[in-house]
Amino acid sequence: MGEFPSAPEEAVEVAERECGGSVQLSEVTDRRGSTVWKATGPSGSAAIKSGTGNGVPVTAREAEALHLLDWPDHFLGGSVGKDLAWVVTRWFDAPSTWEMFRPVRETKDGRERALSAAVDLCHAITDLHGSGWVHSDLQPEHALHTDTGVRLLDVSWAWCEGFEPPDIFRGGMTHLLAPELAASIGVGIQPVTPSPAAEVHSLAATLWTCVTGRWPLDYPTAGIDPKALTPSQLRARVANRSIPLDSATPWPELQEPLREVLLAPRRQRPTAGELAETLRSVNA
Ligand SMILES: Nc1ncnc2c1ncn2[C@@H]1O[C@H](COP(=O)(O)OP(=O)(O)OP(=O)(O)O)[C@@H](O)[C@H]1O
Ligand SMILES: [Mg+2]
């Protein structure tokens, strides 16, 4: 393990303006050329994310996406250079979707709260799609459930018409990827074009993972170890739908509508809003 890198000075200055004075930095993550700190000052906290090496284009696109998305109470500043890109965002002290489902996974308690979080996430995605955007990298840890609504994190691959992703984009997390998107990546179509329909697949896959604690696809039954495959080999299996869905059903009433989404052909998938309505009628 290398030493945790230090935060870009200018980014720290932005955080200090937001947090009412000098800030204490604590390390959150450091992987694949992307480092995140929590900066805490006298009047609040901010997230600083910097990209170096391979992380430069990824964080640079996040800075552009945040600028275009224009979330004034979220984006505080950013900068893009040749060797370094960074963004500063407001820190949201709130549980992720993964955390909202923890009691469900561990004790089967807390179903009402988890279900309401699932519906809130569907509504947040409905609003995003309504504004012409797709997040493109939905994951259990990429939505935070605050008292004032769901906040989406890690928008490096967020897409709207005319804001095409760069060549390095491979559709987001493969375990949660829609088969048609995996197929288009497999045949080398560029730019990889996300869609609201593909995102509804990832939304259902995210919620499935939060319920079961496992990826939606049953790799052992298909006789594969996903870690032993290259991403493109795994995408090929996702694309041809040859891996069955996991058979664990800790919460069948919630998993059944998610299963329908995960097995549906693209054109028969509900919208995020329709999925929200279906989940609202699930018994907690
Ligand atoms: N604004 C924020 N408010 C609260 N927590 C945040 C914020 N930004 C980032 N985090 C925390 O830091 C983690 C990593 O952030 P992010 O996903 O943006 O970085 P990343 O480098 O892409 O990490 P990963 O590779 O894990 O996806 C998040 O899952 C979340 O726990
Ligand atoms: Mg992330």
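Quick caveat: nothing in here was measured; it's all calculated off a predicted structure. Remember, it's 1-based here, ligands and their atoms both numbered in the order they're listed.
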Trace of the side chain to side chain contact (heavy atoms under 4.5 Å, CB included) decision for Trp91 with Thr89 = CA-CA 6 Å; Trp91 183 270; Thr89 51; over 6 Å; no
task = Report the C-alpha distance between Thr212 and Arg105 in whole Å, list the side-chain angles of each, state the deciding distance to 0.1 Å, and finish with yes or no for side chain to side chain contact (heavy atoms under 4.5 Å, CB included).
result = CA-CA 6 Å; Thr212 65; Arg105 289 189 303 277; over 6 Å; no
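Trp98 belongs to no hydrophobic cluster with other residues, because no ILVMFWY side-chain heavy atom falls under 4.5 Å from its own, directly or through intermediates.
For the atom pair NE2 of His201 and CG of Leu181, the computed distance is 10.0 Å after rounding to the nearest 0.5 Å. Here the CD atom belonging to Glu199 is positioned 9.0 Å from the CG atom belonging to Asp137, to the nearest 0.5 angstrom.
In this structure, ligand 1 sits under 4.0 Å from heavy atoms belonging to Val28, Thr29, Arg31, Arg32, Ser34, Val36, Ala47, Lys49, Thr89, Arg90, Trp91, Phe92, Glu141, His142, Leu144, Leu153, Asp154.
Tested against Val134, the residues Ser195, Pro196, Ser202 include a single side-chain contact (heavy atoms from CB on, under 4.5 Å) partner, Pro196.
Glu180 and Arg269 are joined by a salt bridge, as a carboxylate oxygen and a charged side-chain nitrogen come within less than 4.0 angstrom of each other.
The tally of protein N/O/S atoms under 2.8 Å from the Mg ion (ligand 2) stands at 2.
Trp215 is linked by a ring-ring contact (aromatic ring centres under 6.0 Å, His included) to His175, counting only residues two or more places apart in sequence or in another chain.
Ring geometry for Trp157 against Phe169 counts as tilted: the plane angle lies between 30° and 60°, on a 0 to 90° scale.
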